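Keep in mind that this is a model prediction, so the values were computed, not measured.
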Amino acid sequence: MVREPLGEEAAADLARMFKALSDPVRLRLLSLIASHEGGEACVCDLTGPFDVSQPTVSHHLKVLRQAGLVGSERRGTWVYYWVLPAALAQLSALLRAPAGAPAGGAA
């Protein structure tokens with residue numbers, strides 16, 4: 001974004017990711033998945049830390065998946081989730097300030 005303007009498709013993809021992350025529960029879910037041992041977490045590991053129902057957690061996971069932030073796979077009766085590194089790289093690249101940029105961000 002600081003090297004060249006975003007195209008329409010890239011902006012739509014990134015907006016979808018940021019919109020998904022704008023919810024505190026989804027942001028925490030992404031963090032829990034990313035920090036989970038082995039880099040993936042069973043849905044059974046993700047319901048305990050929240051004061052919301054299991055169907056609500058499942059809805060939030062679906063939003064993260066549809067935004068392209070996490071992948072998932074059913075194994076028996078459980079679904080496992082992992083963070084998609086390419087999505088994090090996209091978000092990081094957008095937010096990363098170029099080397100030598102002023103810290104205060106002159107207007």
Side-chain angles (χ1 to χ4, degrees):
M1 187 162 84
V2 295
R3 290 171 204 55
E4 61 185 57
L6 286 173
E8 189 174 330
E9 187 175 332
D13 289 343
L14 287 163
R16 192 171 17 264
M17 288 183 206
F18 281 114
K19 184 175 180 181
L21 292 175
S22 70
D23 182 282
V25 171
R26 290 194 286 268
L27 189 56
R28 285 186 60 210
L29 278 169
L30 187 74
S31 177
L32 280 170
I33 294 166
S35 63
H36 202 270
E37 187 176 330
E40 65 179 27
C42 173
V43 70
C44 60
D45 298 323
L46 300 172
T47 55
F50 299 97
D51 288 332
V52 296
S53 68
Q54 187 278 325
T56 301
V57 170
S58 291
H59 165 74
H60 286 303
L61 289 166
K62 178 182 174 184
V63 171
L64 290 171
R65 195 177 67 248
Q66 289 174 335
L69 293 163
V70 298
S72 65
E73 176 182 77
R74 178 172 291 283
R75 298 180 196 156
T77 57
W78 298 110
V79 178
Y80 287 78
Y81 292 87
W82 57 89
V83 174
L84 296 173
L88 292 185
Q90 269 186 290
L91 294 171
S92 295
L94 181 70
L95 297 174
R96 189 176 312 118

> For the atom pair OH (Tyr80) and CG (Asp45), what is the distance rounded to the nearest 0.5 Å?
Replying inline: 7.5 Å
> Any side-chain heavy atom of Val63 sitting closer than 4.5 Å to one from Asp23?
Replying inline: no
> Taking the side chain as C-beta and beyond, is there a heavy-atom pair between Trp82 and His36 under 4.5 Å?
Replying inline: no
>> Does any part of the side chain of Leu91, heavy atoms only, come nearer than 4.5 Å to the side chain of Leu14, both counted from C-beta?
In response: yes
> Do Ser58 and Gln54 come within less than 4.5 Å of each other through their side chains, counting heavy atoms only?
Replying inline: yes
> Measuring from Cys42:SG to Trp78:CH2, what's the distance to the nearest 0.5 Å?
Replying inline: 5.5 Å
> Has Glu9 got more than 12 heavy atoms of other residues, nucleotides or ligands less than 6.0 Å from its CD?
Replying inline: no
> Are Leu84 and Val79 linked, directly or through other ILVMFWY residues, by side chains that come within less than 4.5 angstrom of each other?
Replying inline: no
>> Between Leu64 and Leu21, is there a side-chain heavy-atom distance shorter than 4.5 Å?
In response: yes
>> Could you tell me if the side chain of Phe18 sits less than 4.5 Å from the side chain of Leu95, heavy atoms only?
In response: yes
> Between Leu46 and Ala41, what is the shortest heavy-atom contact and its length?
Replying inline: CD2-CB, 3.9 Å
> Does any non-hydrogen side-chain atom of Ser72 lie less than 4.5 Å from one of Leu61?
Replying inline: no
> How close do Arg26 and Lys19 get, heavy atom to heavy atom, and via which atoms?
Replying inline: NH2-O, 3.9 Å
>> Tell me the closest heavy-atom pair linking Ala20 and Leu69, and the distance in Å.
In response: CB-CD1, 4.0 Å
